[in-house]
There are 2 protein chains.
Amino acid sequence: MHVGASLPDAWAARETFRAAGPETGLVRLRARGSDGRMGPQKTPRTKIQTRNRETILEAALEVFSQHGFRGATLDMIAVEAGLSKPNLLYYFPSKEAIHVALLSQLMDTWLDPLRDLDAAGDPIAELLAYVRRKLQMSRDFPRESRLFANEIVQGAPRMQAALATDLKALVDDKAAVIRGWAEGGRIAQVDPHHLIFSIWALTQHYADFDVQVRAVLGQNRDPIEEAARFLDTLFTRLLAP
Amino acid sequence: MHVGASLPDAWAARETFRAAGPETGLVRLRARGSDGRMGPQKTPRTKIQTRNRETILEAALEVFSQHGFRGATLDMIAVEAGLSKPNLLYYFPSKEAIHVALLSQLMDTWLDPLRDLDAAGDPIAELLAYVRRKLQMSRDFPRESRLFANEIVQGAPRMQAALATDLKALVDDKAAVIRGWAEGGRIAQVDPHHLIFSIWALTQHYADFDVQVRAVLGQNRDPIEEAARFLDTLFTRLLAP
DNA sequence: GTTGTTTTTGACCAAACGGTCAAGGCCACG
DNA sequence: CGTGGCCTTGACCGTTTGGTCAAAAACAAC
């Protein structure tokens, strides 16, 4: 069983399970009302439940990030998790529910680096630190990056709501901070939203398009190490007032 | 039937059908030897064959780029093309063959802007023009961009060979040109490969992650128009010697 | 119009897939 | 140690999917 790099404490500790927006039409699936026999509650109760839900989500991350939603099968996930297929469906009502759970669980963590952008700090240092943190995530959590990439490239059918609400709110907030810096002459005049997009694009590229990057660079090179230096100069030059 | 923006002549004219590398294990599928009944030859002979192959590939582009390889079904493509499913399989031996044909047909066109990078031109003007051309492709051919994105995010199972040979060769070639410019002091000292990656990442982001960009920016904005300005300043600042 | 070839399709098939169910195993707790 | 609830699974089901096939339709050449 492939478990990937051991997750940092903050990562494992996060168990927010933010509910998906009602527009996805998926919440109904989870709320089976109070009919007869059913799987465990939304909030895991026993030790076994928390452990198995974690195992399943870890396996699902591995499989979904590699094959996309349609490309992944319950059998693949079951094998990866070391559980039987009906057992998966004891903990999650459907394949889609596993996917949604994964996405909403990881969303917060994925945006943490942006949240850390501190309006009170030194503008250029703050932004460069953000770039470095995002690049680190591409190195340490490429599967998470690809999971989102797969979802968004295909039109984010299970995430649109979260994008237009939560994500937009956070980005608008931080964009205002950046705009403040620009107007105060502390960084160059650049469009804050597109600055954020550029950071996403440039850092996630090294996770999402890893095979291409490696194919072009050839062997015996460390793409992310090189990218760190390149992006440092790029953003230093771009942001200098 | 969704036909998308009318393709420019140069686009439609291209019919290279570069053979996929033998490593993909797909070429064998096309070469059914000389057994009994079989579909039309690799090289279309009649008018009807060329027309229908084009129709199928156009439909396949629409469907594959939206749903990925596994997410797309032959029925979807058939409906989109206005043909029957067995008819698709009269022109292509399998779903995978359609996908491979699409990828190899589009690969060349996709790289044309990079090929146009002229060692004899003015370095900064050449690079800025490349950025603009790539961004135009994100606007005019988002489906093509997403097709590749889907493929590469999932590990490029049907393209690895082409990446490590054709693509690498072209990029290495152009990287040498850029390195020459840098060493001649005509542009700033930057890693040429990562410079090219950054152009890909920043321009294709607006096609591949379109839903995210639009969700964050809100309505009534033209992402690519704004991106054009932003990327112009970004690369101007980065490349100034 | 007859004939030989190319093109098209309805009916069909086997495998894969998401999901169900009833029954059995397991475990905590009294 | 017994009992009630939690956990697990083999067998099964209906649907979807990629692909086949034989036969019909369309077409081209004479």
Side-chain angles (χ1 to χ4, degrees), chain A residues 25-26 28-30 32 34-56 59-60 63-64 67-102 158, chain B residues 26 28-30 32 34-56 59-60 63-64 67-102 157-158:
Chain A
L26 296 172
R28 233 170 309 145
L29 283 176
R30 284 210 59 62
R32 275 212 223 163
S34 50
D35 61 278
R37 39 107 199 82
M38 69 181 289
Q41 272 11 65
K42 207 179 306 183
T43 334
R45 306 188 181 285
T46 77
K47 268 260 142 57
I48 269 189
Q49 277 182 34
T50 25
R51 180 169 54 79
N52 278 355
R53 281 186 67 102
E54 254 172 45
T55 308
I56 291 170
V63 176
F64 280 135
H67 304 278
F69 180 74
R70 282 289 303 263
T73 72
L74 285 176
D75 286 286
M76 290 182 191
I77 302 176
V79 168
E80 181 78 25
L83 299 174
S84 68
K85 186 169 64 170
N87 210 359
L88 294 198
L89 294 164
Y90 173 73
Y91 289 100
F92 293 90
S94 69
K95 177 185 175 184
E96 198 154 10
I98 300 180
H99 197 231
V100 171
L102 247 191
R158 286 165 272 274
Chain B
L26 296 174
R28 234 171 307 147
L29 283 177
R30 283 211 59 61
R32 275 214 223 160
S34 49
D35 62 278
R37 41 103 200 89
M38 68 182 289
Q41 276 4 70
K42 207 180 304 183
T43 334
R45 306 188 182 286
T46 77
K47 268 260 144 53
I48 271 190
Q49 277 180 34
T50 25
R51 180 170 54 78
N52 278 354
R53 279 185 69 101
E54 253 173 46
T55 307
I56 292 171
V63 175
F64 280 136
H67 305 279
F69 180 74
R70 282 289 303 263
T73 72
L74 285 177
D75 286 286
M76 290 182 192
I77 301 176
V79 168
E80 181 78 25
L83 299 173
S84 69
K85 187 170 66 171
N87 210 359
L88 293 197
L89 294 163
Y90 173 71
Y91 289 101
F92 294 90
S94 70
K95 176 185 175 184
E96 197 154 10
I98 300 180
H99 198 232
V100 171
L102 247 190
R158 286 165 271 274

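In what follows, every chain begins at residue 1, and chains take the letters A, B, ... in the order their sequences are listed.
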(message) Taking any heavy-atom pair under 4.0 Å as a contact, classify A:A72: base, sugar-phosphate, or nothing.
(response) sugar-phosphate
(message) Can you tell me how the ring of B:F64 sits relative to the ring of B:F69, calling it parallel under 30°, perpendicular over 60° and tilted otherwise?
(response) parallel
(message) For a quick check, tell me whether the side chain of A:K85 and the base of C:dG19 share a donor-acceptor pair closer than 3.5 Å.
(response) yes
(request) Please state how far atom CG in B:L89 lies from atom C1' in D:dT17, giving the value in whole angstrom units. (result) 11 Å
(request) Measure the distance from CG on B:N87 to P on D:dA26 and round it to the nearest whole Å. (result) 13 Å
(request) Measure across A:I77 and A:A59 and return the closest heavy-atom pair with its distance rounded to 0.1 Å. (result) O-CB, 3.7 Å
(request) Whole angstrom is fine here: how far is it from CZ in A:R53 over to P in D:dC6? (result) 16 Å
(message) Counting only side-chain nitrogens and oxygens, does A:N52 get under 4.0 Å of the OP1 or OP2 atom of D:dT8?
(response) yes
(message) With a 4.0 Å cutoff (strictly under), does any side-chain N or O of B:Y90 reach OP1 or OP2 of C:dT8?
(response) no
(request) Respond yes when some side-chain nitrogen or oxygen of A:S94 is under 4.0 Å from OP1 or OP2 of C:dG18, and no when none is. (result) no
(message) Please tell me if B:T46 has a side-chain N or O lying less than 4.0 Å from either OP1 or OP2 of C:dT7.
(response) yes
(message) Using whole Å, what does the distance between atom C1' of nucleotide C:dA16 and atom CG of B:D75 come to?
(response) 15 Å
(message) Measure CZ/A:F92 against P/C:dG18 and give the value in whole Å, please.
(response) 16 Å
(request) Find the distance A:I56:CD1 to D:dT9:C1' and express it as a whole number of Å. (result) 14 Å
(message) Can you identify which nucleotide, out of D:dT9, C:dG18, C:dT7, has its nearest atom closest to the B:Y91 side chain?
(response) C:dT7
(request) For A:A81 and A:T55, work out which heavy atoms get closest and say how close. (result) O-CG2, 3.5 Å
(message) If you define the side chain from C-beta out and look only at heavy atoms, does anything of A:V63 sit under 4.5 Å from A:V79?
(response) no
(message) Would you say A:R70 places a side-chain N or O within less than 4.0 Å of OP1 or OP2 belonging to C:dC17?
(response) no
(request) Nearest whole angstrom, please: distance from the P of D:dA26 to the CD of B:Q49. (result) 19 Å
(request) Test side chain to side chain donor-acceptor pair (under 3.5 Å) on A:H67 and B:R70 and set out the steps. (result) CA-CA 8 Å; A:H67 304 278; B:R70 282 289 303 263; over 6 Å; no
(request) Let me know the distance between CG of B:L88 and C1' of C:dG10, rounded to the nearest Å. (result) 15 Å
